[in-house]
Amino acid sequence: MSAAALAALLIERQPCVVLTGAGISTESGIPDFRSPTGIWAEVDPLEVASIQAFKRDPERVWGFYRARIGVLLEAEPNQGHLALAEVERRGLAQAIVTQNIDTLHSRAGSRDVIEVHGSIRAATCLDCRWTEELAGVLAQLEERTAPLCVHCGEILKPGVTLFGELLPSAAIERATDLARAAALMLVVGSTLEVWPVAGLPLEARSFAVVNRGPTALDRRAELKIDGDAGATLTAVVNAL
Ligand SMILES: [Zn+2]
């Protein structure tokens with residue numbers, strides 16, 4: 001019933017932009033951050049995932065991040081990622097704005113993916129702005145605890161947005177433009193707690209939420225489905 005209602009909303013409210021968070025990737029075996037079993041229940045993000053921590057002790061940040069990359073590269077896209085790729089193929093979603101760094105949307109076949117918190121695709125040098133692709137980063141991590149810039153020798157920074165850093169400006173500007181032009185933003189697997197991304201649904205003319213558990217904006221959503229992304233989105237695609 002609610003999946004059918006969301007399918008009807010998708011058809012009626014165009015253009016639509018999708019916004020995804022960690023909740024869509026938990027079904028691929030990737031832990032989220034903020035739930036009781038999430039990553040931040042185990043480690044303090046300010047110690048391993050902040051720009052201050054990186055400047056203080058980059059090798060510790062890379063120790064955490066190296067393990068993360070390993071988990072993310074092992075993971076496969078799930079039914080939720082595949083359903084969203086199908087929604088895009090049918091012309092019912094312009095793009096996917098994602099807080100996830102795992103690249104699973106691209107691997108599921110989505111073409112226009114805006115990674116507003118960066119991704120594991122590359123690492124960058126804060127000194128000379130050199131960008132090293134993932135393959136080069138992994139090759140260096142075989143040899144040393146943190147990868148170095150091939151131009152200036154500084155330790156590279158992971159290509160993800162760390163706490164205390166600004167979001168990649170081109171990505172967040174495009175995401176904001178898309179949200180402002182959208183008749184519907186479909187939010188999947190985000191508790192809408194991390195700003196400024198959490199404010200994007202409020203920029204769209206309306207928004208719907210698919211998430212297991214409450215979100216910060218449930219009361220303002222046009223439609224809320226409390227459920228897992230994979231089963232819910234598969235049902236939505238079948239109802240289109
Ligand atoms: Zn450099």
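Atoms within each ligand, like the ligands themselves, are counted from 1 in listed order.
- Evaluation of the salt bridge (Lys or Arg N to Asp or Glu O under 4.0 Å) rule for Asp127 yields no partner, not counting sequence neighbours.
- Evaluation of the side chain to side chain contact (heavy atoms under 4.5 Å, CB included) rule for Arg56 yields Glu47, Gln52, Ala53 as partners, not counting sequence neighbours.
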Exercise answer: donor-acceptor pairs, residues 230-239 side-chain atoms, under 3.5 Å, sequence neighbours excluded:
{"residue": "Thr232", "atom": "OG1", "partner": "Asp228", "partner atom": "O", "Å": "2.6"}
{"residue": "Thr234", "atom": "OG1", "partner": "Gly230", "partner atom": "O", "Å": "2.7"}
{"residue": "Asn238", "atom": "ND2", "partner": "Thr234", "partner atom": "O", "Å": "3.3"}

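- Legend: protein N/O/S atoms lying under 2.8 Å from the Zn ion (ligand 1), waters omitted, number 4.
- Checked by atom type, the side-chain pair Asn78/Ser28 shows a donor-acceptor distance below 3.5 Å.
- Heavy atoms of other residues, nucleotides or ligands lying less than 6.0 angstrom from CD of Glu74 number 12 at most.
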Give the C-alpha distance, both sets of side-chain angles, the deciding distance and a yes or no for side-chain hydrogen bond (donor to acceptor under 3.5 Å, both in side chains) between Arg13 and Ser206.
CA-CA 9 Å; Arg13 305 270 171 97; Ser206 66; 2.9 Å; yes
